[in-house]
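Taking it in order: structure first as structure tokens, then the write-up.
Positions are given from 1, in the same order as the sequence printed here. Worth knowing before you read on, the calculation uses all heavy atoms, side chains too, and leaves out hydrogens, waters and symmetry mates.
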Amino acid sequence: KLEVDPSSLPWPTDFGTKELPWKWPALDFGVGRQWLRDLREKSGKPVLLVQPSTSRRDRSWAPEYFGRAARLAADTLGLQVVVIGHPDEKSRVDATAEHCPGSVPFLANIPALAGAMVESHRLLTGDTGPMHLAAALGLLNISVHVGSSWPFETGPFGRGHVAIGPRTVCRPCRQEQ
């Protein structure tokens with residue numbers, strides 16, 4: 001399992017930046033990490049994280065679809081599903097969990113979510129900041145890109161990730177339908 005010390009993550013200097021204008025905060029992964037370890041031990045299954053929220057409505061896949069996809073993955077692959085998000089995203093997390101019986105919601109801040117990520121098996125998400133955080137932490141993710149999201153430009157970087165987007169002539173589409 002990947003062990004990550006966030007304070008050791010390098011800051012890219014290839015952009016000409018010699019020094020950060022701010023200090024990298026000491027992140028405490030402990031809360032999310034321990035919570036997920038306990039859940040994984042209790043369930044005896046690898047964990048699929050599902051992050052159903054995006055910052056823009058036109059880039060959001062419906063909670064129902066996230067829930068159904070997660071349920072299919074859980075049933076087929078024997079995974080425990082955890083629907084994650086910030087406390088401000090509770091309604092979307094709950095809506096997703098409704099469509100994925102047996103899933104567990106986990107609302108937390110970014111350090112706790114990062115801690116959960118380093119203990120998880122995969123992430124199912126839209127085009128989100130957590131998608132990029134997971135990729136940086138070494139968690140493979142399946143990202144669903146809809147609307148104005150363009151998987152080849154904004155998808156996760158690195159090998160092994162899966163970025164999915166619809167085939168449409170107006171890609172990336174700025175319409176809500």
Side-chain angles (χ1 to χ4, degrees), residues 1-12 24-55 59-61 63 65-89 92-93 96-97 100 102-146 149-165:
K1 190 67 183 164
L2 178 66
E3 295 290 329
V4 177
D5 174 7
S7 64
S8 70
L9 294 175
W11 182 261
W24 185 270
L27 300 179
D28 179 13
F29 282 15
V31 172
R33 194 170 201 179
Q34 190 59 52
W35 183 87
L36 199 66
R37 279 182 184 164
D38 293 345
L39 177 68
R40 198 176 60 225
E41 286 177 21
K42 183 178 176 183
S43 73
K45 300 176 182 177
V47 174
L48 170 66
L49 296 180
V50 178
Q51 209 298 342
S53 300
T54 61
S55 61
R59 291 186 173 195
S60 295
W61 206 33
Y65 299 149
F66 272 112
R68 288 171 42 194
R71 180 79 265 140
L72 179 63
D75 291 346
T76 305
L77 303 172
L79 303 173
Q80 171 64 57
V81 175
V82 175
V83 185
I84 63 171
H86 186 271
D88 292 345
E89 301 166 335
R92 202 159 165 86
V93 167
T96 301
C100 186
S103 65
V104 179
F106 182 60
L107 300 171
N109 61 20
I110 291 174
L113 291 175
M117 287 176 179
V118 298
E119 294 293 331
S120 297
H121 185 66
R122 294 282 188 280
L123 171 67
L124 172 62
T125 184
D127 185 2
T128 65
M131 172 191 71
H132 296 292
L133 177 60
L137 294 172
L139 177 63
L140 294 179
N141 56 83
I142 302 110
S143 55
V144 180
H145 298 259
V146 296
S149 177
W150 190 238
F152 304 109
E153 291 181 3
T154 61
F157 292 105
R159 293 177 187 242
H161 304 291
V162 176
I164 302 167

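Between Val47 and Arg37 the shortest side-chain heavy-atom distance does not fall below 4.5 Å. Two residues are said to be in side-chain contact when any heavy atoms from C-beta on lie closer than 4.5 Å; Leu36 and Val118 fail this criterion. With a 4.5 Å cut-off on side-chain heavy atoms, Ile84 and Leu123 count as touching. When side chains are defined from C-beta on, His161 counts as touching Asn141, because their heavy atoms get closer than 4.5 Å. At least one side-chain heavy atom of Leu139 sits less than 4.5 Å from a side-chain heavy atom of Leu49. Counting heavy atoms from C-beta outward, Met117 and Pro130 have side chains that approach closer than 4.5 Å.
A donor-acceptor pair under 3.5 Å is formed between the side chain of Gln80 and the backbone N or O of Gly102. Glu41 places no side-chain N or O within donor-acceptor distance of the main-chain N or O of Ser43, the cut-off being under 3.5 Å.
For the atom pair NE2 of His121 and CG of Leu77, the computed distance is 7.5 Å after rounding to the nearest 0.5 Å. A distance of 7.5 Å separates CG of Leu133 from CD1 of Ile110, quoted to the nearest 0.5 Å. Atom OG of residue Ser120 and atom CZ of residue Arg33 lie 10.5 Å apart, to the nearest 0.5 angstrom. Interatomic distance, Arg122 CZ to Leu140 CG, rounded to the nearest 0.5 Å: 4.5 Å. Atoms CG and OH, on Leu124 and Tyr65 in that order, are 14.5 Å from each other to the nearest 0.5 Å. Between the CD1 atom in Ile142 and the CG atom in Leu48 there is a gap of 6.5 Å [rounded to 0.5 Å].
Residues satisfying the ring-ring contact (aromatic ring centres under 6.0 Å, His included) criterion with Trp35, sequence neighbours excluded, are Phe106. With sequence neighbours excluded, the residues satisfying salt bridge (charged side-chain N to carboxylate O under 4.0 Å, His left out) with Asp75 are Arg71.
Of all the heavy atoms in Gly126 and Ser143, the pair that sits closest is O-CB, 4.2 Å. Between Pro87 and Ala108, the shortest heavy-atom contact is CD-O, 3.7 Å. Scanning both residues, Gly78 and Pro46, for their nearest heavy atoms gives O-CD, 3.7 Å. Residues Asp127 and His132 share a closest heavy-atom pair of OD1-NE2, 4.1 Å. The shortest non-hydrogen separation linking Ala70 to Val81 is O-CG2, 3.7 Å. Considering all non-hydrogen atoms of both residues, Pro52 and Arg92 come closest at O-NE, 2.7 Å.
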Worksheet item: What do the steps show when you test Thr54 against Glu89 for side-chain contact (heavy atoms from CB on, under 4.5 Å), and what is the final call?
Response: CA-CA 9 Å; Thr54 61; Glu89 301 166 335; over 6 Å; no
